[in-house]
Amino acid sequence: MEMVPSEENQFVPKEIQNAAEEPRVLCIIQDTTSAKTVNERLTLNLPASTTLSRLYEDVSHKAGYVNGTFDLAWGNMPDMASLDHNSEMSLSESGFEPGGKKNFLHLTDKDGEQPQIASDESGTADSSGVDDSSQERFIGPLPRESTAGCSGDYSSPSYTYSSILSKSDTGYVGLVNQAMTCYLNSLLQTLFMTPEFRNALYNWEFEESEEDPVTSIPYQLQRLFVLLQTSKKRAIETTDVTRSFGWDSSEAWQQHDIQELCRVMFDALEQKWKQTEQADLINQLYQGKLKDYVHCLECGYESWRIDTYLDIPLVIRPFGASQAYGSVEEALQAFIQPETLDGPNQYFCERCKKKCDARKGLRFLHFPYLLTLQLKRFDFDYTTMHRIKLNDRMTFPEELDMSPFIDVEDEKSPQTESCTDSGAENEGSCHSDQMSNDFSTDDCVDEGICLDSTGSTERVLKPKSLLTFELFSVMVHSGSAAGGHYYACIKSFSDGQWYSFNDQHVSKITQDDIRKTYGGSSGSRGYYSSAFASSTNAYMLIYRLKDPSRNAKYLAVDDFPEHIKSLVQKEKESEEQEKRQREIERNTCKIKLFCMHPVRMMMESKLEVHKDKSLREATEMAYKLMELEGIVPLDCCRLVKYDEFHEYLERSYEGEEDTLMGLLLGGVKSSYMFDLLLETRRPEQVFQPYKPGEVMVKVHVVDLKSEAIASPISVRAYLNQTITEFKQLIAQATGLSAETMRVVLERCYNDLRLLYVPNKTLKAEGFFRSNKVFVESSESSDHQVAFTDSVLWKLLDRHGNTIRLLVLLPEQSPGTLANRTQKVRGDSDVIFDGTKGNRKSVEAILEESTEKLKNLSLQQQQQGSSTSDSQKSSDASDFEHIESPTQEADSNSSLCVAADNRELENRIRASAGSSGGASSDQENHFACEERSDSEVNNDRSTSSVDSDILSSSHSSDTLCNADSGPIQLANGLDSHSITSSRRSKAHEGKKETWDTAEEDSGTDSEYDDNGKSKTEAQYLYFRAEPCSQEDTSWDAQKCLVVHVDKRITLAAFKLNVEPYVGVTSTQFKVFRVYANNQEFESVRLNETLSSFSDDNKITIRLGRALKKGEYRVKVYQLLVNEPEPCKFLVDTVFAKGMTVRQSKEELLPQLKEQCKLDISIDRVRLRKKTWKNPGTVFLDYHVYEEDISISSNWEVFLEVLNEPEKMKSMSELAILTRRWSPATMKLGPFQEVILESSSVEELKEKLSEMSSIPLENLEFAKGRGTFPCDISVLEIHQDLDWNPKVSTLNVWPLYICDDGAVVFYRDSTEEPMELSDDERNELMKKESSRLLKTGHRVSYSPRKEKALKIYLDGGPAKDPGQD
């Protein structure tokens, strides 16, 4: 071996030195084969050249398993395809990522069997000297010291799993928990481990001709038991069993009581087993008998009734007691302990013919062969009104002697007692000898467990040994009354070993583990101390009678009945088929497949192909999957490697048609870092080869003359190509001249870079897998100016920022239009027909707008002498400029073309620095409004960075003309400082600001010193065209398609839309339409359209837009004594600085016209509205914004008074009061009380004066909840906090600090009406109906638990009335 010196001058093998230099792979392995190991991790740090077979060896050594008895699968995907045991592929070739990245793997069962533990002799198991018994009892992995000889590649401590029992050791199979079916799993495992039940179930034969196997509960239980006994799987599903119960998937999410399930399942089995040998199986095994008796203490007369039971419920702690019963024996003794009926509870004796003292109790007559004890750990706490769990300690023996609990006296002297009670089947006026005869038939069934029937009247008690029961199942509940988990501890009768059956995990346990289920909580905290504690303790115990003559053994497989052997063979074949299918799945590559379908455009599917299929076969499968037959020939299709995210064709596979897909895709993986594309061509075309390392470039050709940008042409290039070589490549593809070519790269959204350095490589310019460039090749002078001042840049800038909007224009009738339009701009012939007053069609307006464009262009040329060359280049016809004429501010509002043209001239002069004739009338200003539609929806078409750039209308950056002052840009960018990367300016301007009422909505920033809207000076793109029916579901005649630069402000947008609406911008409103067809008004005029995206919808509605300082207000009428106290009236407008009386004066005519309410101004009150609650009363002299805070979309209450307003000062308090009359069980109407202070004494005096209740008898309470504070008349007398001990209203518990509080009052001497049960029930129904109508809570009702049901007909019947 060649040796080389290391850094420490020591010679090491050359291979080791090379391994140290190569990258390493970090593997994190989770052992999922057992619940005890699932939380442990193995860490291996291996060279990337390590083979998969070597990885398996290292993992087996580390985990202590025999190699070949487990699988490794990728852990970050659900399907978890296993790695090949014998593969010589390296980790790097198998998809492992080197360089410190974590590769997560799952260690799983192989073929459904748990891994085999390596023996100590193999050198892989722990040899730390721990004895076998302690190893068996240990749960979880044992840490150990690093084993000598372990590779230094392992960076974590070693663990041994020798203490974890595999399935081969336990020999038992678990059950999969569907969701919350642990209670079902525990009971099923207990029944399976009961030999008598299992054997009887095997002896029953299913007749398929008589019943559907899917709905047959005994058959599905039989199948489950067969699988539990013969399956090689670690755990099996219970879905077939629950399906036979008639349960759907929702039942899996319902946790039920295990004792309840036992009862319901036994009932269902009895129904299914009628007319069969197993008809009485449940009674034979589980049913006992007891006597419920009452014994007269004076004459000795006794009446009784015989009851049967399947389980004995044992109380943990008696009601009201502070100590629990310490053992099952104590609880059993308490169960049969009689109680004395004396005093008012005396019993009427039939023999004495009077009430006498008596003794009432229960006596056990028969004990079943399988004795079930339920420990009643769930109770109800009447203090907290919650269900609770009692976690007190209760011991139970492994062998239980039941002889002390049998009724010995009853057996020895039966003639001394008689029974006369009647009414039940097992009751009657008879002596105990008759009772003995009645039981003679049953005793044959019970086989003398407790009593032996010989046909005579006397019965002999069996020996004590036959009343000894041995414990074999403990069903444990862990958790609280609110929820928890069940599992079972079961003793096998074959070897006497205890096992824990915890869903899919089965393991050995000891007597110590059983003793841990006795329960018990630390400390003594009184009655119901463990109400909400989570603890683990026994809930159900099952004992079997120790009787060698009856105790059965489990049927061995060889002893199965023939029909069970057939079932075993059938299930084995099903498992083999499932195993083969699973093997196919493990060898199937599943990868995303895309196809540019000639008819359906881009399609997406999932290609599932076996790893041994060739590329040609996979192509044929993809061809059929994409349904291309008859559309494209198969030989015109091929599969190529594709990156969907970057829309990048990575490579093609020329000459590899016969290569296996497993090799092409890099093996079977749960997910791939790439996709496949089924590429198609026309028969005359030839496929272009795609080589690895190429980048794809989409080339858009730009025509400056027509201002058109062509559809993309795909070109493939190399990152090491220079710009010169790249231009020649584009020239070949497009036919343009490379010498005059300008190439602009769009690196990301709206980020343009001119590629002008000839020798710079594409990689240095920022090219990636998929790129987008714009090319232009003309000999115009546009080449000579700076790129950011060029026509090309402006055209691309417009292209990147233009969005397409669908605008719905308003309906207009002559009357409405005449009323809503004050002074309409523009030519009367353009906008209106003078005689009819109807709006012209969209097409006509578009033609006239185009004519205006020509006039505008001509006027711009005339103004050319006063503009510089640079301005001409930037303000020429590269942007289509539609400007709407503004309103003339003269007394004559004539509509003429001359006025329109003068305004256009004035705007051009203003933009060139000349003083124009623009109006300074405030009516022409765009008033700022309070609400932004971006507050409603933040679904923006641009990123947050773009929003900062495009929406920053308050930035100090300006665009300067050569001869004039600065012009404000909507996007807040300085044209002289704009670089090719506009994103770099994102954080230099101010952030988008939110307007508030206090800031006057930021309106001042929208206007310059001359009162002219700054947005009017912008040359931003706007183009409108008629809408086709294909574009929208709206009426195409009323719809407009608008292409607009999204950096335009709402004010400028409204100006441009004016000609198509037909009214001035102050006379219509803009509403944004969202996906759910909800409309929200866009009101902030200085905000840009940057939050809009392509094909967003806008609705235009006629109506006056808000001016500066105005707020839209919704007015509701307050009707305190109506069932619905809140009624919407109108929308109106309040202005800053307006008094409350002025707002009333403007509001009253509106109410008269729209709501037919004719009210005197002195009888109207406005007050604050907070949801449904009335608040502060607004007095006439109050001023909005000064005394009353006002905001956008404000809501107020209007209250009609019966008399003029009594409130004169803000220091007064208006309280709404209501009298409660207990004698009549009625509430009076609301009456208002006005207090001059917050004194409780004043309130009581006013209430006493109003109601004539003496002051000393008057009690009051504050209402709860929202107005009108409804409460049931059955609850008000005791539920409210009556007569609080306070002197002022503004302290706890009242906190009455504002107008509108509700106060109930009553006469303390008035007694509540006495109601019969019928009257109370009737009143309760009325109150429930009344309160439900008003939406108020009637009373607390916890979530209704779903009842546990097993459906014998396959499923529940649907209730048509049920939701």
Side-chain angles (χ1 to χ4, degrees), residues 35 38 78-79 173-192 211-225 227-228 233-272 374 377-378 380 386-389 475-488 501-505 532 534 539-540 574 578 1332 1337 1340-1363:
V38 74
D79 24 1
V173 179
L175 294 174
V176 175
N177 191 334
Q178 296 182 37
M180 299 177 72
T181 56
C182 54
Y183 67 100
L184 172 67
N185 292 348
S186 300
L187 181 61
L188 291 176
Q189 291 283 20
T190 297
L191 295 177
F192 172 72
E211 190 178 7
D212 183 2
V214 175
T215 60
S216 174
I217 297 173
Y219 176 68
Q220 293 302 335
L221 278 177
Q222 199 177 69
R223 282 187 62 237
L224 183 77
F225 282 17
L227 289 173
L228 284 173
K233 291 182 179 179
R234 174 178 158 221
I236 57 177
E237 297 280 352
T238 58
T239 49
D240 290 339
V241 174
T242 55
R243 192 178 294 114
S244 71
F245 291 171
W247 294 358
D248 56 22
S249 57
S250 66
E251 286 286 350
W253 295 92
Q254 293 281 335
Q255 190 176 74
H256 294 288
D257 186 274
I258 195 169
Q259 186 263 349
E260 181 186 13
L261 172 69
C262 185
R263 290 283 190 93
V264 174
M265 185 188 291
F266 284 174
D267 287 344
L269 286 172
E270 285 185 319
Q271 292 294 324
K272 287 287 186 179
Q374 181 204 4
R377 292 196 175 273
F378 298 108
F380 191 81
H386 283 290
R387 286 185 66 198
I388 58 172
K389 182 184 176 187
M475 279 165 271
V476 181
H477 181 267
S478 175
S480 68
H485 176 65
Y486 285 100
Y487 64 93
F501 291 84
N502 193 344
D503 291 335
Q504 57 262 46
H505 305 292
F532 294 99
S534 177
Y539 181 62
M540 274 184 71
S574 176
E578 185 182 337
L1332 284 173
R1337 178 178 64 84
Y1340 171 72
S1341 177
R1343 182 178 64 87
K1344 188 175 181 180
E1345 293 185 7
K1346 192 172 181 180
L1348 175 64
K1349 292 182 181 179
I1350 292 179
Y1351 304 93
L1352 301 181
D1353 55 354
K1358 296 295 182 182
D1359 184 3
Q1362 190 177 6
D1363 292 338

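In this text, all values refer to a predicted model and were calculated from it rather than measured experimentally.
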Below 4.5 Å, heavy atoms only, C-beta onward: do [X] and [Y] meet side chain to side chain?
X	Y	answer
Thr238	Asn185	yes
Asp257	Tyr183	no
Trp247	Ile1350	yes
Met180	His256	no
Phe192	Leu175	no
Phe501	Leu188	no
Leu221	Leu269	yes
Leu227	Lys233	no

Can you tell me how far [atom2] of [Y] sits from [atom1] of [X], rounded to the nearest 0.5 angstrom?
X	Y	atom1	atom2	result
Ser574	Arg223	OG	CZ	7.0 Å
Leu191	Ser186	CG	OG	11.0 Å
Lys272	Ser244	NZ	OG	8.0 Å
Glu251	Arg243	CD	CZ	13.5 Å
Ile217	Met265	CD1	CE	8.0 Å
His485	Gln255	NE2	CD	9.0 Å

What heavy-atom pair brings [X] and [Y] nearest, and what distance separates the two atoms?
X	Y	value
Met475	Ala488	CG-CB, 4.2 Å
Tyr1351	Gly246	CD1-O, 3.7 Å
Gln504	Ala235	CB-CB, 3.3 Å
Gln374	Tyr539	NE2-OH, 3.0 Å

Would a distance-only check, ignoring hydrogens and angles, find a side-chain to backbone donor-acceptor pair under 3.5 Å from Gln220 to Thr215?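 Between the backbone of Thr215 and the side chain of Gln220 there is no qualifying donor-acceptor contact (under 3.5 Å).
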Closer than 3.5 angstrom, by distance alone: can the side chain of Gln189 be matched with the main-chain N or O of Val173 as a donor-acceptor pair? yes
For Gln271, give me all partners under side-chain hydrogen bond (donor to acceptor under 3.5 Å, both in side chains), at least two apart in sequence or on another chain. Lys274
Return the set of residues passing side-chain hydrogen bond (donor to acceptor under 3.5 Å, both in side chains) with Asn177 (not counting sequence neighbours), or none when no residue passes.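 Asn177 satisfies side-chain hydrogen bond (donor to acceptor under 3.5 Å, both in side chains) with Thr181, Asp503 once adjacent residues are dropped.
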Can you see whether Thr242 engages Gln178 through a side-chain donor-acceptor pair at a distance of less than 3.5 angstrom?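 Checked: Thr242/Gln178 side chains pair up, N/O donor to acceptor below 3.5 Å.
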Checking Leu261 against Leu1348 for the side-chain contact (heavy atoms from CB on, under 4.5 Å) test, could you report, in this order, the C-alpha distance in whole Å, the side-chain angles of both residues, the deciding distance, and whether it holds? CA-CA 7 Å; Leu261 172 69; Leu1348 175 64; 3.7 Å; yes
